[in-house]
J.: 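There's a structure below that I have some questions on.
Letters go in sequence order (proteins before strands), and every chain restarts at 1.
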Amino acid sequence: MLSVKWIRENIDVVRDSLKKRRAKADLDSFLRWDEERRKCAKEGDELKYLQNKKSKEIGKLKKEGKDIGDLVNEMQELAGKIKNLERKKKEYESKVNNFLLNLPNRLHPDVPWDENEEVKRWGKIPEFDFSVKDHQRIGEDLGILDFKAGAKVTGSGFVVCKGLGARLERALINFMLDLHIEQGYEEVLPPFMTNTSSTIGTAQLPKFREELYKCEKDDYYLVPTAEVPVTNLHREEILKEKQLPICYTAYTPCFRREAGAYGKKIQGMIRVHQFNKVELVKFTTPETSYEELEKLLQDAEEVLKRLKLPYRVVKLCGEELGFAASFGYDIEVWLPSQERWLEISTCSNFESYQSRRASIRYREESTGKTRYVHTLNGSGLAVGRCVVAILENFQDREGRVHIPEVLWPYMDGVRIIGKNS
RNA sequence: GGAGGGGUGUCCGAAUAGGCAAGGAGCCGGUCUUGAAAACCGGUGAAGGGCAUAGCGCCUGUCUGGGUUCGAGUCCCAGCCCCUCCGCCA
């Protein structure tokens, strides 16, 4: 979230950010609540000052064995007033707080206005001299993806990978993790459920409750991304400046309800309720976060480069940028069956939005003061969609799929998935 | 699931109702040293927020939320988390 003080002093920036996002918030009410809150705090402080002073006197008088009857009556009245003011203050405080939790991050000035902006393309879009199949057809024909089984075991929007399909998924996870370790990230295998505090910390709650699967009995949420458990590793901590940047990579499955997201272009494995993802998460100083974002983006891109999948990078516009992000890129991989780009990674800088919510700070060496870290993350990459891209881009006339060379060691040497392999 | 113990700063840890929430480690500086370590001396260090401001300062703050009290780290109630033992279990 944003700091109240900062909002108060930069109200125009907040308004502009909201406009760019095409989002709305009742800033005027917020400012009023904040003012009331401060008024109560000030009055309360003055009374408490009196209370502290007098109650010390009482202690002294009592020791001397003097009568304190009148003074105590006066104090009871004072205590009552303080209690009322505190109650009022808390009401305004919770209004302010609730508002802050539902207010999106402010945008970096470089965020484009109306449309995503392409900043880079890599690889050659494949040309086929036969009619291409979509991943769903390929997967089912080869017997490696089973949507019917997923629907039976759980429901629609779940898929079962079988045989070399399952193996491919697992190979990709291992390949990605190994690559990111080589790039300097520390591997983490976090819990796949998080508690309420963690889920608020990274801003999935309170606003995106509908997107989450919840275990009602325990108040735990299935993770929609590894970002949640991994960022919260350092919740309510004060880190040392020397430790930064901290870079983690983590594999988790991701669970998303995708409420109301059904549509034409998202059949098969492109949008499902459970998918695998390898995530990159960084904690940095405010001064280095944008540098680190560029590196993080490159680290994610490297996955596609090594797989030899054509992709492009776009700078996200205000409307498409995530609620908690200040600035971000999407990496999009080529999808032959639909002849379009498919989002396969989002790399974002949250600046201090998450760290303020989750209270993740560091002590600055030069001043000894605590400051909020900047948090960043990006998919490196969405594994299911990577399988989709491999099946489609590397299909041949016979309906077989050629496995990228970097994955051979992870596939026990299997180079082609065909009907009988 | 049952029984017991615990939660105080960056870390360890004292304070069981009446006073700036000890002390130590750490960190920074110095003395000593060829250099470092050790030792010694000094300093720093309690989140976060609000108010005041030339400057000193004031309020809040001991896991969270309530309560008792003139006054709560300390007493009472509820909750969360951690540890030990027992039970169950892959």
J.: Could you state the CD-P distance from A:E241 to B:C27, rounded to the nearest angstrom?
T.: 15 Å
J.: May I ask you to evaluate whether A:K90 reaches the phosphate of B:U60, defined as a side-chain N or O under 4.0 Å from OP1 or OP2?
T.: no
J.: Less than 4.0 Å between a side-chain N and a carboxylate O, is that true for A:K315 and A:D110?
T.: no
J.: Under 4.0 Å: is that the gap between some side-chain N or O of A:S359 and OP1 or OP2 of B:G48?
T.: no
J.: Look at the side chain of A:T370 and decide which nucleotide, out of B:G50, B:G18, B:G48, has an atom nearest to it.
T.: B:G48
J.: Could you state the OH-C1' distance from A:Y372 to B:G49, rounded to the nearest angstrom?
T.: 10 Å
J.: What is the distance from OH of A:Y362 to P of B:C27, rounded to the nearest Å?
T.: 19 Å
J.: In terms of the nearest nucleotide of RNA chain B, which residue is placed more toward the 5' end: A:K242 or A:Y220?
T.: A:K242
J.: Parallel, tilted or perpendicular for A:Y248 and A:H234, by the 30°/60° rule?
T.: parallel
J.: P atom, B:C12 versus B:A3: distance in rounded Å?
T.: 29 Å
J.: Pairing check on B:A17: which nucleotide meets the Watson-Crick or G-U wobble criteria with it, both distances under 3.5 Å?
T.: none
J.: For atom P, what is the distance between B:G35 and B:G24, given to the nearest Å?
T.: 29 Å
J.: Does any nucleotide pair with B:U53 by Watson-Crick or G-U wobble geometry, both distances under 3.5 Å, and what is it?
T.: none
J.: Check A:D45 with A:K42, please: is the shortest side-chain N to carboxylate O separation under 4.0 Å?
T.: no
J.: Rounding to an integer number of angstrom, what distance separates B:G1 and B:U60 when you compare their P atoms?
T.: 39 Å
J.: Between B:G48 and A:R357, is there an OP1 or OP2 to side-chain N/O distance shorter than 4.0 Å?
T.: no
J.: What pairs meet the ring-ring contact (aromatic ring centres under 6.0 Å, His included) rule with one or both residues in residues 3-42 of chain A, with sequence neighbours excluded?
T.: A:F30-A:F99
J.: Using whole Å, report how far CD1 of A:I360 lies from C1' of B:G48.
T.: 16 Å
J.: How long is the gap from CZ on A:R256 to CD on A:Q204, to the nearest 0.5 Å?
T.: 8.5 Å
J.: Does A:R32 come within less than 4.0 Å of A:E35, counting only side-chain N to carboxylate O?
T.: no
J.: Taking only residues two or more places apart in sequence or in another chain, which ones pass side-chain contact (heavy atoms from CB on, under 4.5 Å) with A:E320?
T.: A:N116, A:L316, A:C317
J.: Hunt down the Watson-Crick or G-U wobble partner of B:U84, both distances under 3.5 Å, from any strand shown, or write none.
T.: B:A3
J.: Can you tell me how far C1' of B:G45 sits from CD of A:E364, to the nearest Å?
T.: 16 Å
J.: Are the charged groups of A:R22 and A:D114 less than 4.0 angstrom apart, N to O?
T.: yes
J.: Would you tell me if any nitrogen or oxygen in the side chain of A:K42 comes within less than 4.0 Å of OP1 or OP2 on B:G49?
T.: no
J.: Distance check, P atoms only: B:G6 and B:G65, in whole angstrom units.
T.: 22 Å
J.: I need the CZ-C1' distance between A:R363 and B:G45, as an integer number of Å.
T.: 7 Å
J.: Roughly how far apart, to the nearest Å, are B:U74 and B:C56 at atom C1'?
T.: 32 Å
J.: Rounded to the Å, how far apart are A:N195 CG and B:U64 P?
T.: 16 Å
J.: For the P atoms, the ones on B:U53 and on B:C32, what distance do you get once it is rounded to whole angstrom?
T.: 48 Å
J.: According to side-chain hydrogen bond (donor to acceptor under 3.5 Å, both in side chains), does anything in residues 409-419 of chain A pair up with another residue at least two apart or in another chain? List the pairs.
T.: A:D178-A:Y410
J.: In residues 27-38 of chain A, which ones come under 4.0 Å of RNA chain B, going by heavy atoms?
T.: A:R37, A:R38
J.: Taking atom C1' in both B:A14 and B:G4, compute the distance separating them and give it to the nearest angstrom.
T.: 24 Å
J.: Residues from residues 44-54 of chain A sitting under 4.0 Å of RNA chain B, heavy atoms only?
T.: A:D45, A:K48, A:Y49, A:Q51, A:N52
J.: Using heavy-atom distances to pick each residue's nearest nucleotide on RNA chain B, tell me which of A:A41 and A:Q76 is more 5'.
T.: A:A41
J.: Both distances under 3.5 Å, Watson-Crick or G-U wobble: report the partner of B:U74, or none.
T.: none
J.: Hunt down the Watson-Crick or G-U wobble partner of B:G26, both distances under 3.5 Å, from any strand shown, or write none.
T.: B:U44
J.: Check every strand shown and say whether A:K89 touches a base, only sugar-phosphate, or nothing at a heavy-atom separation below 4.0 Å.
T.: nothing
J.: Taking atom P in both B:U33 and B:U44, compute the distance separating them and give it to the nearest angstrom.
T.: 28 Å
J.: Taking A:R106 first and then A:D16, would you say they form a salt bridge - that is, a charged N and a carboxylate O separated by under 4.0 Å?
T.: no
J.: With a 6.0 Å cut-off on ring centres, are A:H402 and A:F394 close enough?
T.: no
J.: Could you please name the partner base of B:C32, counting Watson-Crick and G-U wobble pairs only when both distances are under 3.5 Å?
T.: none
J.: Going by side-chain contact (heavy atoms from CB on, under 4.5 Å), name the residues that satisfy it together with A:Y49, two or more places apart in sequence or in a different chain.
T.: A:K53
J.: Can you check the A:Y92 OH to B:G50 C1' distance for me, whole Å?
T.: 17 Å
